[in-house]
Amino acid sequence: MAKPTIPQGTRDFGPEVVRKRTYILHTIKTVFELYGFQPLETPAMENLDTLMGKYGEEGDKLIFKILNNGLDNPEKEKQVREEFEKVLQGKNTKGITERALKYDLTIPFARFVAMNHQQLHFPFKRYQVQPVWRADRPQKGRYREFYQCDADVVGSQSLLNEVELASIYHEVFTRLGLNGYELRINSRNILAALAEICGGADKLTDITVAIDKLDKIGLEKVKEELVQRGLNSSQVSIIEEYLGIRGSNPEILSGLSKLIDNSKTGKKGIDELSYLSSQLASGQLHLVIDPTLARGLNYYTGIIFEAKAPAGVKMGSIGGGGRYDDLTGLFGVPNIPGVGISFGVDRIYDVLEELQLFPADVHVGTQLLFFNLGEAESKKAFELLQQLRQRGIRGELYHEVAKFDKQFKYAEKKHIPFIVIVGEKELATQTCTIKELATGRQQSVSFTDLKHHNF
RNA sequence: GUGGUUGUAGCUCAGCUGGUUAGAGCAUCAGAUUGUGGUUCUGAGGGUCGCCGGUUCGAACCCGGUCAGCCACCCCA
């Protein structure tokens with residue numbers, strides 16, 4: 001029998017890891033709820049039609065397709081072979097595959113809203129935490145199965161939603177102890193205005209894709225890429241001037257005004273950014289207006305967000321999002337605008353690990369362990385244990401009579417903070433001995449008092 | 001999808017220019033220790049050297065293929 005394996009790019013999560021991940025996810029969900037967001041879950045698989053063409057050409061290639069059943073039916077052999085020929089030419093065909101694993105949470109959400117918009121009360125605020133799948137080649141921080149953690153508001157144009165979402169980022173990162181995080185914002189309208197000035201709205205995608213790489217490849221390479229993408233030298237120098245806008249938020253706003261204020265779209269973008277920064281200026285939010293922030297996704301139309309790990313941690317974005325004006329339009333229901341954010345759970349995990357920000361008690365599952373020291377002893381211990389469980393205290397009785405040494409080690413391995421000894425002496429005196437492992441402190445408590453004892 | 005790199009015990013790794021029975025530390029189990037863990041000491045178990053094939057008298061080592069991990073690119077979370 002060959003050793004079992006798991007599919008490429010997938011992971012098992014052991015108890016210790018699950019506890020840490022749960023801590024992160026619980027924190028995020030709690031904050032979502034605090035802001036009035038409601039939970040939603042959608043199926044692991046969607047109809048292929050729902051997903052295809054929504055993520056661009058590259059995205060389509062990375063969708064995990066599910067093979068239809070019954071392809072081996074001899075009666076259909078000829079038809080199946082013909083259909084498969086089409087697959088070899090790069091076309092998708094319902095004869096071979098008509099379902100796929102979901103690629104993100106946004107498109108399934110849009111599909112859900114399009115299907116149910118008559119029943120929903122707007123604005124509809126939902127959060128969703130589920131795995132998604134991509135047929136990408138795995139590498140550092142990238143997996144074929146990973147969790148996304150999204151919150152979106154649909155059915156409202158109000159910028160107050162952006163304010164709320166920015167506050168959610170702040171609240172979550174603060175609760176996780178990531179005080180040095182940075183929330184960068186920009187507006188797609190600013191970028192659109194820049195494209196206008198550079199002589200063509202059709203250049204928007206080329207410009208955003210190139211600018212998005214600034215952090216990684218530097219100014220010179222970005223300029224090269226812009227030229228490659230068909231921009232002339234005067235257009236490139238306008239973009240260079242734009243990328244050179246730096247300083248405090250007010251300074252950046254005035255810099256932007258000088259460059260693009262006579263564009264109507266540009267003015268709208270500046271208004272959005274100044275509204276957001278003024279609304280949030282009073283708090284401790286680390287809000288930074290960043291003209292170089294672009295984000296690859298094409299469907300964004302207004303404010304865009306990107307959350308960065310504290311400086312010094314070699315980790316880029318730990319969250320992102322933005323406003324889209326017409327997501328459900330793809331599914332035949334126009335005019336439902338929305339704005340959403342996403343948390344990168346795996347990356348946040350790595351950052352918390354690196355900065356040692358997981359709480360010390362994150363591993364504590366079982367709170368106390370009763371030692372098993374004989375038949376009569378364990379019978380009494382079990383009775384006491386059941387009383388404590390009634391109170392909601394998580395406890396265990398060691399599964400068999402064993403030496404102290406073994407039972408201690410079991411408690412240590414499971415990070416159980418307290419052990420309770422009920423042995424011959426304790427039975428005689430109707431008391432038990434409670435020991436706190438971390439400190440070695442020990443105390444004697446009567447069987448009747450144990451019920452109310454605080455651990 | 002393209003390219004690079006690694007694969008030896010549960011884990012981290014050593015293993016000389018190819019040479020007889022493949023090693024260490026940690027972990028596990030047992031004992032020192034029959035009511036007090038973390039330390040120490042003693043001993044034991046555990047490997048088809050990722051898998052398949054080739055070269056050779058002889059392969060963990062060389063060659064080809066394959067699978068998996070890691071890294072970079074494309075793209076993205």
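Residue numbers begin at 1 in each chain, while the letters A, B, ... track the order of the sequences.
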Does a side chain donor of either A/Ser342 or A/Gln148 reach within less than 3.5 Å of an acceptor in the other side chain?
no
What nucleic acid atoms does A/Gly423 come within less than 4.0 Å of, heavy atoms only: base, sugar-phosphate, or nothing?
base
Between the base of B/rC76 and the side chain of A/Arg137, is there a donor and acceptor pair under 3.5 angstrom?
no
Given A/Phe343, which partner from the list A/Tyr147, A/Tyr349, A/Phe173 fulfils the ring-ring contact (aromatic ring centres under 6.0 Å, His included) test?
A/Phe173
Close side-chain approach of A/Ile185 and A/Leu273, heavy atoms under 4.5 Å:
yes
Quantified in whole Å, what is the P atom distance between nucleotide B/rG50 and nucleotide B/rU8?
6 Å
Check whether the aromatic ring of A/Phe408 stacks on the base of B/rG38, taking stacking as ring centres less than 5.5 Å apart and planes within 30° of each other.
no
Mind checking which stems touch RNA chain B? I mean at least 3 consecutive Watson-Crick or G-U pairs, both distances under 3.5 Å.
B:1-7 with B:67-73, B:10-13 with B:23-26, B:28-32 with B:40-44, B:50-54 with B:62-66
How would you label the contact of A/Lys425 with the nucleic acid (heavy atoms, under 4.0 Å): base, sugar-phosphate, or nothing?
base
Using a 4.0 Å heavy-atom cut-off, does A/Gly9 contact any base of the nucleic acid, only the sugar-phosphate backbone, or nothing at all?
sugar-phosphate
What nucleic acid atoms does A/Leu373 come within less than 4.0 Å of, heavy atoms only: base, sugar-phosphate, or nothing?
nothing
Atom P, compared across B/rA59 and B/rA22: separation rounded to whole Å
14 Å
Please determine whether a side-chain nitrogen or oxygen atom of A/Gln148 lies at a distance below 4.0 Å from atom OP1 or OP2 of B/rA77.
no
Tell me what A/Gly440 touches on the nucleic acid: a base, only sugar-phosphate, or nothing, going by heavy atoms under 4.0 Å.
base
If you look at every strand shown and take non-hydrogen atoms under 4.0 Å, does A/Glu426 touch a base, only sugar-phosphate, or nothing?
base
Nearest to the side chain of A/Glu412 - B/rA77, B/rG37, B/rG35?
B/rG37
When rounded to the nearest Å, what value does the distance between C1' atoms of B/rC71 and B/rC29 take?
39 Å
Taking the minimum atom-to-atom distance to the side chain of A/Pro138, which one of B/rC75, B/rG31, B/rC70 wins?
B/rC70
Do A/Arg11 and A/Tyr143 form a cation-pi contact, if we require the NZ or CZ to be under 6.0 Å from the six-membered ring centre and within 45 degrees of the ring's axis?
yes
Of the listed nucleotides (B/rC75, B/rC73, B/rA77), which one gets closest to any side-chain atom of A/Lys213?
B/rC75
Separation of B/rC76 atom C1' from A/Ile63 atom CD1, nearest Å, is 14 Å
Between CG of A/Asp405 and P of B/rC41 the distance, given in whole Å, is 16 Å
Rounded interatomic separation in angstrom, taking CG from A/Asp12 and C1' from B/rA68
15 Å
Identify which nucleotide among B/rC70, B/rG35, B/rA27 has an atom closest to any side-chain atom of A/Lys413, counting heavy atoms from C-beta outward.
B/rA27
From B/rC74, B/rG31, B/rU36, pick the nucleotide closest to the side chain of A/Phe404?
B/rU36
P atoms of B/rC16 and B/rG7, separation to the nearest Å
13 Å
For the C1' atoms, the ones on B/rC13 and on B/rA9, what distance do you get once it is rounded to whole angstrom?
11 Å
Thinking salt bridges, do A/Glu412 and A/Lys409 make one under a 4.0 Å N-O criterion?
no
Once you round it to whole Å, what is the distance between P of B/rG37 and CD of A/Glu436?
17 Å
Among A/Asp325, A/Val154, A/Thr301, A/Thr328, side-chain contact (heavy atoms from CB on, under 4.5 Å) partner for A/Pro337:
A/Asp325
What I want to check is whether the side chains of A/Tyr410 and A/His399 have a donor and an acceptor closer together than 3.5 Å.
no
So, A/Ser187 versus A/Glu272: side-chain donor-acceptor pair below 3.5 Å or not?
yes
Side-chain H-bond candidate by donor/acceptor type, A/Asp104 with A/Tyr55, under 3.5 Å:
yes
Quick one: on RNA chain B, does A/Ala135 or A/Glu225 contact a more 5' nucleotide (nearest heavy atom)?
A/Ala135
Picking from B/rG38, B/rA77, B/rC74, which would you name as closest to the side chain of A/Tyr143?
B/rA77
Regarding A/Arg134, tell me which of base, sugar-phosphate or nothing describes its non-hydrogen contacts under 4.0 Å with the strands shown.
base
Just the rounded figure in Å: distance from P of B/rG35 to CD of A/Glu377.
11 Å
Which whole number of Å gives the distance between the P atom of B/rC41 and that of B/rG25?
11 Å
For nucleotides B/rC62 and B/rG10, find the distance between their P atoms and express it as a whole number of Å.
23 Å
When all nucleic acid strands are considered with a 4.0 Å heavy-atom cut-off, which category describes A/Leu62: base, sugar-phosphate, or nothing?
nothing
Taking atom types as they are modelled, would you say the side chain of A/Gln407 forms a donor-acceptor pair with the base of B/rU36 within the 3.5 Å cutoff?
no
Take A/Lys223 and A/Glu240 through the test salt bridge (Lys or Arg N to Asp or Glu O under 4.0 Å) and record every step on the way to the result.
CA-CA 8 Å; A/Lys223 281 159 74 180; A/Glu240 189 174 358; 3.1 Å; yes
Using a 4.0 Å heavy-atom cut-off, does A/Lys435 contact any base of the nucleic acid, only the sugar-phosphate backbone, or nothing at all?
base
From CG of A/Asp136 over to C1' of B/rC75, roughly how many Å is that when rounded to an integer?
7 Å
Given B/rA30, is OP1 or OP2 found less than 4.0 Å from the side-chain N or O atoms of A/Lys406?
yes
Assess, by modelled atom type and distance only, whether the side chains of A/Arg137 and A/Gln139 contain a donor and an acceptor separated by less than 3.5 Å.
no
Expressed in whole Å, how much space separates the C1' atoms belonging to B/rC49 and B/rG18?
15 Å
Mind checking if A/Tyr147 touches a base, just sugar-phosphate, or nothing, with heavy atoms under 4.0 Å?
nothing
Looking only at B/rC76, B/rU36, B/rG31, the nucleotide nearest the A/Lys403 side chain is B/rG31
Measure from CH2 on A/Trp133 to C1' on B/rC76 and round the result to the nearest Å.
18 Å
Please report the distance, rounded to the nearest Å, between CG in A/Asp212 and P in B/rC74.
12 Å
